[in-house]
Participant: 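Provided herewith is a single structure, encoded as structure tokens, for subsequent inquiry.
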Amino acid sequence: MQKYNPKKIEEKWQSYWQTNNVFEAGDSGEKKFILVEFPFPSGDGLHMGHLRSYTAADLVSRYYRMKGFNVMYPIGWDAFGLPAENYAIKHGKQPAETTAKNIENIRKQLHRLGYSIDWSREINTTDPNYYKWTQWLFLQFYKAGLAYESTGLINWCPKDKTGLANEEVIGGHCERCGTKVEKKELRQWYLKITEYAEKLLAGLNDLPEWPERVRTEQANWIGKKEGAEIDFQVVLSPPKAGEGSPDFSTTPQNDISVKVFTTRPDTIFGATYLVVAPEHSLIETLADKIENIDEVRAYAQTAKDKEELERIAEGKEKTGVELKGIRAINPATKEDIPVWVADYVLGGYGTGAIMAVPAHDERDNEFAKKFGLEIRQVVAPRVVDPVNPPREDAKNTDRNMLHAIVMHPTEDKILSLKWKTHPWQTFITGGIEDGEDVLEAAKREVFEETGYKNMEVIKLMPYIMRAEFYAAHKEVNRKVNANVVMLKLTDLAQEVVSAEEQEQFEPVWIDSQDMKNLSPVSELAYILDWVENGDKSYTGEGVLINSGEFSDQLTMDSLPKMAEKFGKQKTTYKLRDWVFSRQRYWGEPIPLIHCEKDGVVPVPDDQLPVVLPEVKNYEPTGTGESPLAAIDEWVNTTCPECGGPAKRETNTMPQWAGSSWYFLRYTDPNNEQQFASSEKLKQWLPVDIYFGGMEHTTLHLLYSRFWNIFLHDQGLVPVSEPYTKRVPHGMILAEDGSKMSKSKGNVINPDDLVKQHGADTVRMYEMFLGPHEDSVLWSEKGIIGVARFLERIWNWINTAEFSEHDEETVSRELHKTIKKVTEDIEAYRFNTVVSNLMSFHNAVKDSPITKDSAKAFLQLLHPLAPHIASELYEQLGGENIDIQPWPKYDESMLVSDTITIAVQVNGKVRDELIVSTDSTQEEIETKALASEKVQALLSGQSPKRIIYVENRLVNIVV
RNA sequence: GGGCAAGUGGCGGAAUUGGUAUACGCGCUAGUCUUAGGAACUAGUUCCGAAAGGAUUGAGGGUUCGAGUCCCUCCUUGCCCACCA
């Protein structure tokens with residue numbers, strides 16, 4: 001017998017597959033388009049993360065091929081972009097050269113791993129025949145008005161010396177190199193992805209086979225918010241004339257206004273000031289009217305210089321400066337309110353200005369408290385008595401009342417009223433008379449109801465509540481505005497309470513923890529929250545108060561009405577337009593020409609591609625100009641419109657351009673007229689399963705959906721959503737749980753593993769590590785288990801004397817394994833596929849087995865470990881395991897003659913019974929009761945009840 | 001601060017609809033063989049206990065004949081978003 005020699009058999013089969021083009025996708029049969037995120041040709045080659053998705057994709061591809069599907073599993077090279085360019089710079093070579101070399105290396109790696117890739121469809125984003133179409137597609141965006149040029153403050157990576165899209169900034173750092181991102185004013189090309197925000201969001205609903213997590217992350221990134229935009233008129237303070245407060249009603253109105261965005265237009269009556277972001281144009285527009293403009297500018301500048309992370313690190317302590325000399329008119333109250341600049345308002349979101357409602361927004365509340373601004377409650381939480389709700393036909397009456405939380409002078413107790421007329425125990429409670437001060441009323445009520453006369457007010461709850469109920473004895477609806485006052489007695493001096501009060505209730509001291517048991521105050525939850533957590537603004541829904549004609553209405557109902565009355569309803573998105581130009585060399589040139597006469601002119605289709613020129617010096621300039629700008633003979637061209645002198649656009653596209661449509665190219669990789677006919681696209685789209693990383697959720701995955709939906713709208717692509725199913729994989733971490741990184745020196749090199757153990761072992765162990773979507777720890781030692789398993793299989797098949805018939809256990813185990821493996825592959829539970837195969841071998845290794853059963857087992861093994869499976873299959877006289885039909889299982893083979901039944905007493909397993917499958921329930925129960933262990937536990941008692949679960953257990957309840 | 005996911009042996013991890021928790025693998029222990037090797041094979045291995053037995057799925061409570069699984073409260077970890085109006 002030959003020893004298991006993975007190297008030898010793996011090379012044999014790899015060259016067999018290659019020479020015979022075994023994995024080229026055909027044109028007939030039901031298709032499966034299996035996609036993996038194509039690699040960028042890094043100098044380090046493939047990493048363990050790649051192996052995780054590529055192996056899973058290969059497993060699934062091989063499985064579906066055996067199932068009879070026409071499978072396409074293609075690969076290509078995402079070869080433009082920063083990493084490739086940085087690598088070339090580091091090695092002092094041309095990116096084209098290093099990229100080609102790196103590709104060669106990765107191609108070899110993929111072969112060595114035995115992936116069933118259709119190499120006839122290999123693509124490369126840096127191939128002019130490929131990027132011709134990337135450029136052509138860009139022009140479709142341009143022609144549709146979705147690509148535009150604009151100067152603005154953008155994210156800038158000082159290390160990579162290029163602008164970045166919002167999606168490329170991860171926690172304030174460059175997605176590629178981890179450098180802190182700065183802001184820089186630059187001319188940039190943008191793609192109007194915001195125009196597609198709604199479609200990108202709505203499309204998520206058509207993707208039931210995407211993980212919830214991925215969909216939510218994209219939805220959060222798009223960040224849709226419904227609200228209103230409201231204009232606030234800006235007025236100027238009159239010249240200072242004496243001491244009196246300025247009369248803004250006589251101030252000359254100008255036509256300047258500030259547009260704010262709010263999701264709570266219902267709180268507009270409580271908007272007591274306005275805040276603009278440091279970047280807001282109002283500051284410079286009214287520079288000569290703002291009295292303290294120097295101070296304002298200084299503040300705005302500091303705020304702009306601060307990085308986002310710094311702001312957060314500062315503990316969110318609110319800062320700001322009032323714009324003195326100007327005021328804004330609240331369109332609801334018509335009052336003039338102060339205008340502030342503060343960095344808690346962000347320039348990039350909404351309109352860069354807010355109406356501040358400190359009573360109902362925590363940030364505004366904090367700010368108002370710090371700067372002594374007015375806090376005006378306009379929403380009261382509404383509590384409706386569930387037993388006696390207000391009646392439609394009854395009259396409404398209003399009443400102001402209070403609850404007093406009265407603390408004991410020395411002990412941790414509060415005073416309650418125990419009612420004699422009702423089964424209630426309440427706070428000290430009572431009405432407030434017209435014009436009476438709440439705090440005075442509280443003291444008065446405490447005295448009248450309890451006789452205690454010396455007390456001090458601790459605090460007043462910052463908002464009132466609205467309780468609504470039907471007062472049966474008066475036949476009216478009561479709408480009660482409830483205040484809460486916390487007081488503390490200074491001593492226990494007490495006077496006699498009036499007889500009238502005495503008949504109603506008596507005061508009782510209770511432990512303050514028992515406050516939560518007081519009844520029947522429906523406001524209790526809010527009160528307890530206040531006592532426990534202190535003063536907070538009320539940000540929930542409720543009933544409007546102090547809101548003019550809208551008072552007494554519910555916030556929910558009046559929200560749209562108020563939005564329309566004071567402004568207009570508006571939907572905002574957090575998604576920003578995609579900064580699409582890079583000031584780097586190694587990318588697709590943007591195919592536009594700047595002509596003095598005709599402006600921006602697209603390069604005509606027949607002149608595409610605009611080839612990236614070869615240059616000696618391609619390093620980034622850092623000036624905001626692309627290195628291409630220095631190549632006069634390339635930059636200077638003629639205008640396609642007028643033939644006059646013109647200049648080429650010198651920025652290049654981001655790395656995400658080529659990858660935004662590469663899956664389309666796979667369907668017809670050599671087509672010179674890619675989008676003229678959609679036959680191949682129709683044949684293959686959508687992608688059936690897309691394997692990839694979680695990190696691309698708001699990058700490549702979002703971008704390529706955007707491109708595809710757009711192309712679908714243009715009639716160029718047959719489906720709107722490109723990927724039916726998305727299967728993300730978890731990260732592979734080092735043994736200690738840290739991320740693998742070159743700097744830590746804990747990176748595992750796949751080549752070494754393959755050399756040491758063989759591709760089959762590496763593939764299988766990758767899958768065995770843990771659930772595909774979870775992060776898993778790489779274990780140097782663990783791989784030996786899989787290696788041993790394959791070696792055992794090798795020895796087993798090689799030394800087996802095959803029998804004429806399977807022993808019963810063998811056929812039962814085989815069918816069980818076929819079932820489990822099939823189900824697990826379909827459910828992407830690859831780790832248990834491996835353990836099921838191991839279990840099978842453990843169960844049958846000593847039993848007589850037929851050659852056919854052994855071959856069926858090898859077929860199950862084949863998607864994971866194709867080389868050894870192919871080799872052994874051949875040794876057993878089989879051919880072309882790659883296309884042999886996937887084994888089927890027979891339900892009737894799964895059942896055995898006997899089953900094991902657990903015997904429980906009171907839910908605890910006490911014994912086991914082996915019974916024949918045709919035993920009746922009665923027989924089994926009798927046997928169970930007869931069990932010695934059961935009898936010992938019953939000790940003569942008769943069971944109360946016996947629960948029988950078919951094929952599983954008997955539970956005897958005593 | 002918000003959202004999502006997850007907590008099971010020494011470790012990675014299994015457990016259909018609630019129905020015998022700890023499959024499979026690593027590691028560890030003992031043994032066999034031997035060119036005493038970090039190989040292979042065999043047996044054992046959740047914890048406590050000599051055993052009988054008892055305990056056990058982050059903690060606490062609940063529903064149920066029966067809970068890793070369902071419900072409530074809390075703790076911890078990971079990921080995403082984050083002064084987003």
Side-chain angles (χ1 to χ4, degrees), chain A residues 170-172 211-221 223 225 227-228 260-265 267 275 277 308-309 311-312 314-319 342-346 348-357 360-364 366-367 572-574 694-695 697-698 730-731 733 735 737 765 768-771 773-786 788-789 791-792 795 820 823 829 831-842 900-913 943-958:
Chain A
I170 313 287
E212 188 64 43
R213 191 160 55 121
V214 175
R215 281 185 289 166
T216 338
E217 255 179 55
Q218 282 207 356
N220 288 346
W221 187 260
K225 283 268 169 69
V260 305
F261 174 75
T262 178
T263 53
R264 294 293 303 270
T267 60
V275 190
E308 278 169 48
L309 284 175
R311 290 192 198 176
I312 296 161
E314 281 163 15
K316 299 182 183 179
E317 177 71 16
K318 296 279 180 296
T319 59
D343 66 5
Y344 82 93
V345 173
L346 308 175
Y349 184 77
T351 58
I354 61 156
M355 61 176 210
V357 186
H360 304 293
D361 179 280
E362 280 185 39
R363 291 150 306 188
D364 296 344
E366 236 177 90
F367 191 82
T572 341
Y573 301 90
K574 196 172 71 105
M694 212 43 212
E695 69 275 18
T697 300
T698 52
M731 270 194 297
L733 305 171
E735 217 144 349
Y765 186 55
F768 188 52
L769 277 171
E773 284 194 28
D774 292 4
S775 290
V776 290
L777 305 182
W778 180 263
S779 159
E780 194 78 43
K781 282 184 173 164
I783 194 168
I784 197 76
V786 175
R788 279 178 193 155
F789 168 70
E791 187 158 350
R792 271 184 219 131
N795 295 338
K820 278 186 171 173
E823 284 170 356
R829 289 189 298 251
N831 54 329
T832 52
V833 172
V834 179
S835 50
N836 285 327
L837 293 172
M838 289 174 166
S839 295
F840 173 77
H841 177 245
N842 289 343
T900 311
I901 298 272
V903 181
Q904 297 182 335
V905 176
N906 288 334
K908 291 196 172 179
V909 180
R910 298 299 181 178
D911 204 356
E912 277 181 355
L913 291 179
K944 274 190 202 142
R945 195 174 154 189
I946 297 178
I947 288 134
Y948 173 70
V949 181
E950 207 184 337
N951 294 338
R952 288 193 187 273
L953 57 78
V954 177
N955 186 11
I956 299 165
V957 184
V958 185

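These numbers come from the heavy atoms of this one structure, side chains and all, not from hydrogens, waters or symmetry mates. Numbered from 1 within each chain, the chains take letters A, B, ... in sequence-line order. Only a predicted model underlies this, so the values are computations on that prediction, with no experimental measurement involved.
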Participant: For atom C1', what is the distance between A21(B) and U46(B), given to the nearest Å?
Facilitator: 10 Å
Participant: Looking only at the side chain of Lys908(A) (C-beta and beyond, no hydrogens), which of the listed nucleotides A55(B), G13(B), G25(B) gets closest?
Facilitator: A55(B)
Participant: So which nucleotide from C79(B), U20(B), A82(B) ends up closest to the side chain of Leu953(A)?
Facilitator: U20(B)
Participant: Quick one: on RNA chain B, does Arg945(A) or Thr900(A) contact a more 5' nucleotide (nearest heavy atom)?
Facilitator: Thr900(A)
Participant: For Pro771(A) and Val776(A), work out which heavy atoms get closest and say how close.
Facilitator: O-CG1, 4.4 Å
Participant: For G54(B) versus U64(B), give the span between their C1' atoms, rounded off to a whole number of Å.
Facilitator: 24 Å
Participant: Verify the contact: side-chain N or O of Lys781(A) to OP1 or OP2 of G12(B), cut-off strictly under 4.0 Å; return yes or no.
Facilitator: no
Participant: Any donor-acceptor pair under 3.5 Å joining the side chain of Lys318(A) to the base of C83(B)?
Facilitator: yes
Participant: Could you give the distance separating U8(B) and G13(B) at their C1' atoms, to the nearest angstrom?
Facilitator: 9 Å
Participant: Using atom C1' of each nucleotide, how far apart are U77(B) and G27(B) to the nearest Å?
Facilitator: 25 Å
Participant: Do the charged groups of Arg788(A) and Glu791(A) touch, with an N to O distance under 4.0 Å?
Facilitator: no
Participant: Give the intermediate values and the outcome of salt bridge (charged side-chain N to carboxylate O under 4.0 Å, His left out) for residues Glu212(A) and Arg215(A).
Facilitator: CA-CA 5 Å; Glu212(A) 188 64 43; Arg215(A) 281 185 289 166; 3.2 Å; yes
Participant: Is the distance from OP1 or OP2 of A14(B) to the nearest side-chain N or O of Arg829(A) less than 4.0 Å?
Facilitator: no
Participant: Under 4.0 Å, counting only non-hydrogen atoms across every strand here, what does Ser775(A) touch: a base, just sugar-phosphate, or nothing?
Facilitator: sugar-phosphate
Participant: If A82(B) has a Watson-Crick or G-U wobble mate with both distances under 3.5 Å, name it; if not, just say none.
Facilitator: none
Participant: Does a nitrogen or oxygen in the side chain of Arg213(A) sit under 4.0 Å from OP1 or OP2 of C81(B)?
Facilitator: no
Participant: Nearest heavy atom decides the nucleotide; on that basis, is Val949(A) or Val834(A) closer to the 5' end of RNA chain B?
Facilitator: Val949(A)
Participant: Nearest to the side chain of Val957(A), heavy atoms from C-beta on, is which of G12(B), C65(B), C81(B)?
Facilitator: C65(B)
Participant: When you measure from the side-chain N and O atoms of Arg792(A) to the phosphate of C41(B), is any distance below 4.0 Å, counting only OP1 and OP2?
Facilitator: yes
Participant: Please confirm whether the shortest side-chain N or O distance from Arg910(A) to OP1 or OP2 of G54(B) is below 4.0 Å.
Facilitator: yes
Participant: Considering only the P atoms, how many Å lie between C4(B) and G18(B), rounded to the nearest integer?
Facilitator: 23 Å
Participant: Indicate, with a heavy-atom threshold strictly under 4.0 Å, whether Ile947(A) touches base, sugar-phosphate, or nothing.
Facilitator: base
Participant: With a non-hydrogen cut-off below 4.0 angstrom, is Ser779(A) in contact with a base, only sugar-phosphate, or nothing?
Facilitator: nothing
Participant: Out of G25(B), C83(B), C65(B), which nucleotide sits closest to the side chain of Phe768(A)?
Facilitator: G25(B)
Participant: Expressed in angstrom and rounded to an integer, what is the separation of Met838(A) atom CE from C26(B) atom P?
Facilitator: 7 Å
Participant: Would you mind reading off the distance between Trp221(A) atom CH2 and C79(B) atom C1', rounded to a whole angstrom?
Facilitator: 15 Å
Participant: Looking only at heavy atoms, which two atoms of Pro211(A) and Glu773(A) are closest? And how far apart?
Facilitator: CG-OE2, 4.1 Å
Participant: Does Asn831(A) make a side-chain N or O approach to OP1 or OP2 of A14(B) shorter than 4.0 Å?
Facilitator: yes
Participant: By the definition side-chain contact (heavy atoms from CB on, under 4.5 Å), identify the one residue from Val275(A), Asp364(A), Asp361(A), Thr262(A) that meets it with Met355(A).
Facilitator: Thr262(A)
Participant: Would you tell me if any nitrogen or oxygen in the side chain of Asn842(A) comes within less than 4.0 Å of OP1 or OP2 on G25(B)?
Facilitator: yes
Participant: CE of Met731(A) versus C1' of A6(B): gap in Å, rounded?
Facilitator: 15 Å
Participant: With a 3.5 Å limit on both atom pairs, tell me what A5(B) is paired to, counting Watson-Crick and G-U wobble, or say none.
Facilitator: U77(B)
Participant: With P as the reference atom in both, quote the distance from C72(B) to C24(B) in angstrom, rounded to an integer.
Facilitator: 35 Å
Participant: Using the side-chain heavy atoms of Arg952(A), tell me which of these nucleotides is nearest: U17(B), C81(B), A15(B).
Facilitator: U17(B)
Participant: Answer whether the closest heavy-atom distance between the side chains of Val214(A) and Met694(A) falls below 4.5 Å.
Facilitator: yes
Participant: Kindly indicate whether the side chain of Arg213(A), heavy atoms from C-beta on, has any atom under 4.5 Å from the side chain of Thr697(A).
Facilitator: no
Participant: Between C11(B) and U16(B), how far is it from one C1' atom to the other, in whole Å?
Facilitator: 28 Å
Participant: Using the ring of each side chain (for Trp, its six-membered ring), is His841(A) parallel, tilted or perpendicular to Phe789(A), with breaks at 30° and 60°?
Facilitator: perpendicular
Participant: As a test of reading the structure: which of G27(B), C80(B), G25(B) is closest to the side chain of Ile784(A), going by heavy atoms?
Facilitator: G27(B)
Participant: What is the distance, rounded to the nearest whole Å, between atom CD1 of Ile783(A) and atom P of G27(B)?
Facilitator: 13 Å
Participant: Applying the Watson-Crick and G-U wobble criteria at under 3.5 Å, what pairs with A40(B)? Answer none if nothing qualifies.
Facilitator: U32(B)
Participant: Rounded to the nearest angstrom, tell me the gap between atom OH in Tyr765(A) and atom P in C11(B).
Facilitator: 15 Å
Participant: Between Lys318(A) and Phe367(A), is NZ or CZ placed under 6.0 angstrom from the six-membered ring centre and within 45° of the ring axis?
Facilitator: no
Participant: Glu217(A) CD to G78(B) C1': how many Å, rounded?
Facilitator: 13 Å
Participant: If you look at every strand shown and take non-hydrogen atoms under 4.0 Å, does Glu212(A) touch a base, only sugar-phosphate, or nothing?
Facilitator: nothing
Participant: Determine the interatomic distance between C1' on G68(B) and the same-named atom on G58(B); round to the nearest Å.
Facilitator: 12 Å
Participant: At under 4.0 Å between heavy atoms, what does Glu823(A) touch on the DNA or RNA strands: base, sugar-phosphate, or nothing?
Facilitator: nothing
Participant: Sort out the partner of A23(B) for me: Watson-Crick or G-U wobble, both distances under 3.5 Å, none otherwise.
Facilitator: none
Participant: Measuring from the side chain of Pro771(A) (C-beta onward, heavy atoms only), which nucleotide among U20(B), C65(B), A14(B) has the closest atom?
Facilitator: A14(B)
Participant: Does A40(B) have its OP1 or OP2 closer than 4.0 Å to a side-chain nitrogen or oxygen of Arg788(A)?
Facilitator: yes
Participant: If anything within 90° of 0 is syn and all else is anti, what is G9(B)?
Facilitator: syn
Participant: Categorize Asn955(A) for me: base, sugar-phosphate, or nothing, with a 4.0 angstrom heavy-atom threshold over every strand shown.
Facilitator: base
Participant: Can you figure out which of A21(B), A55(B), A23(B) approaches the side chain of Val909(A) most closely?
Facilitator: A21(B)
Participant: Measure from CD on Gln218(A) to P on C4(B) and round the result to the nearest Å.
Facilitator: 18 Å
Participant: What integer distance in Å separates Asn906(A):CG from C65(B):P?
Facilitator: 12 Å
